[in-house]
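Here the structure comes first, spelled out in structure tokens, and everything after it is commentary.
Only this structure's heavy atoms are used, side chains among them; waters, hydrogens and symmetry mates stay out.
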Amino acid sequence: MTKSDIDKGRKLFSQPCKFLLSAPTSEGFPASSLPEVAFIGRSNAGKSSLINALTHRKDLARTSNTPGRTQHIVFFDLGDRLMLADLPGYGHADAPRQEKERWNELVHHYLQTRPTLRCVCLLLDARHGILAKDLVMMQFLDRAACSYKLVLTKADQIHATEQGVKQTQTEAALGQHPAARPGVLITSSKKAEGIEELRAFLAGFAAEA
């Protein structure tokens, strides 16, 4: 990643980012022509914390220690150049089965039909790497031909030497997944590790200023 890429990412994410709306159903999705990037991962994978770190905000996306707190698809407008979408987590959310099924249907409909969606950031807890439910999501994105980038989160919770091992192990799985983009980013929202690189990657999808 070049210095020019990093500079573009910094410039984009220096723009104001505002909460747009929270959509409980597909009818609530915003009508927008902006390119869009979505964030998804297991419940409590750190999606909201990562969005806050990217946008220099502490409370833009609501965070919680309770898995499954994000129940709608939440949209944010970054400087009228890029839309960010925070999707409900999958996995061990503490909710009734019927409610979980409704979330899954909403997310699947979004991923399969959203015309402005350019890429999905699929977040994986760096302590665990790809787990069974992550693999199910990767296979779904492959079948839907929905481009995605693997992003390891919570890197501060493992030793520096283990970070490289987890990154290499995760990258080794990419060849089996046609919709996955090359390379795996490793981040820590708490220590801002990998945030500049992720900003630079996302800037590649933004509309021209």
Side-chain angles (χ1 to χ4, degrees), residues 1-3 5-10 12-14 17 37-70 74 76 78 82 84-93 119-138 141 147-177 179-205:
M1 194 163 289
T2 68
K3 182 179 182 299
D5 293 330
I6 296 293
D7 289 342
K8 287 178 182 177
R10 288 175 177 169
L12 173 64
F13 281 89
S14 69
C17 188
V37 174
F39 296 81
I40 194 170
R42 291 193 307 276
S43 296
N44 215 26
K47 297 184 300 300
S48 298
S49 294
L50 187 63
I51 291 172
N52 288 337
L54 287 168
T55 57
H56 307 279
R57 298 278 294 275
K58 291 184 177 180
D59 56 358
L60 179 68
R62 191 174 72 169
T63 61
S64 172
N65 291 325
T66 303
R69 181 57 61 89
T70 303
V74 185
F76 305 94
L78 177 60
L82 186 67
L84 309 179
D86 184 5
L87 276 57
Y90 54 83
H92 55 271
C119 185
V120 174
C121 289
L122 178 52
L123 276 52
L124 311 171
D125 189 320
R127 295 171 296 179
H128 310 302
I130 300 173
L131 296 181
K133 290 187 182 297
D134 300 315
L135 183 58
V136 170
M137 177 55 68
M138 291 168 70
L141 293 168
S147 175
Y148 62 98
K149 181 79 168 179
L150 295 185
V151 180
L152 292 168
T153 61
K154 305 186 180 184
D156 56 283
Q157 298 190 29
I158 59 176
H159 193 274
T161 55
E162 191 179 354
Q163 290 181 16
V165 172
K166 288 292 186 182
Q167 191 170 17
T168 300
Q169 289 175 341
T170 307
E171 287 177 345
L174 294 179
Q176 303 173 32
H177 298 280
R181 288 177 170 265
V184 173
L185 295 174
I186 185 162
T187 66
S188 165
S189 300
K190 185 176 181 179
K191 295 190 174 181
E193 295 175 10
I195 298 300
E196 295 273 34
E197 290 78 7
L198 182 53
R199 286 177 183 145
F201 171 73
L202 297 175
F205 301 103

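A distance of 13.0 Å separates CZ in R57 from OG in S48, rounded to the nearest 0.5 Å. In this structure, K8 NZ and L202 CG are separated by 14.0 Å, a value rounded to the nearest 0.5 Å. In this structure, CG in L150 is found 7.0 Å from OG1 in T170, a value given to the nearest 0.5 Å. Rounded to the nearest 0.5 angstrom, L124 CG and L131 CG are separated by 8.0 Å. In this structure, the separation between CD on Q163 and OG1 on T168 is 11.5 Å, given to the nearest 0.5 Å. Between M138 atom CE and H177 atom NE2 the span is 3.5 Å, to the nearest 0.5 Å.
The side chain to side chain contact (heavy atoms under 4.5 Å, CB included) test applied to E196 returns I6, R10, R199, not counting sequence neighbours. The side chain to side chain contact (heavy atoms under 4.5 Å, CB included) check on S147 picks up C119, R181, with sequence neighbours excluded. Legend: residues meeting side chain to side chain contact (heavy atoms under 4.5 Å, CB included) with A53, ordered by chain and number and at least two apart, are S189, I195. Under the rule for a side chain to side chain donor-acceptor pair (under 3.5 Å), Q167 has no partner lying at least two apart in sequence or in another chain. K154 meets the side chain to side chain contact (heavy atoms under 4.5 Å, CB included) test with N44, D125, R127, Q157; sequence neighbours excluded. F205 pairs by the ring-ring contact (aromatic ring centres under 6.0 Å, His included) definition with F201, not counting sequence neighbours.
T153 contributes a side-chain N or O that, together with a main-chain N or O of A45, makes up a donor-acceptor pair within less than 3.5 Å. Between the side chain of K149 and the backbone N or O of P182, at least one donor-acceptor pair lies under 3.5 Å. Not a single donor-acceptor pair under 3.5 Å links the side chain of E193 to the backbone N or O of T187. Using a distance-only test at 3.5 Å, with no hydrogens or angles considered, a donor-acceptor pair links the side chain of H159 to the main chain of T161.
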Set out, in order, the CA-CA distance, both residues' side-chain angles and the distance that settles side chain to side chain contact (heavy atoms under 4.5 Å, CB included) for L82 and L12, then state yes or no.
CA-CA 9 Å; L82 186 67; L12 173 64; 4.2 Å; yes

I'd like to know whether L152 forms a side chain to side chain contact (heavy atoms under 4.5 Å, CB included) with V184, so could you lay out the CA-CA distance, the side-chain angles of the two residues, the decisive distance to 0.1 Å, and finally the verdict.
CA-CA 7 Å; L152 292 168; V184 173; 3.9 Å; yes

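The nearest pair of heavy atoms linking A179 to L141 is CB-O, 3.8 Å. Residues I40 and P88 share a closest heavy-atom pair of CG1-O, 4.1 Å. Between S188 and D156, the closest heavy-atom pair is OG-OD1, 2.7 Å. In plain terms, the two heavy atoms of C17 and L84 that are nearest each other are SG-CD1, 4.2 Å. Counting all heavy atoms, side chain and backbone alike, E171 lies closest to G183 at OE2-CA, 3.9 Å.
A donor atom on one side chain and an acceptor atom on the other are not found under 3.5 Å apart for S49 and N52.
Counting only heavy atoms from C-beta outward, the side chains of F76 and T55 never approach each other to under 4.5 Å. Between L198 and L50 the shortest side-chain heavy-atom distance falls below 4.5 Å. A 4.5 Å side-chain heavy-atom check between F39 and L87 finds every atom pair outside the cut-off.
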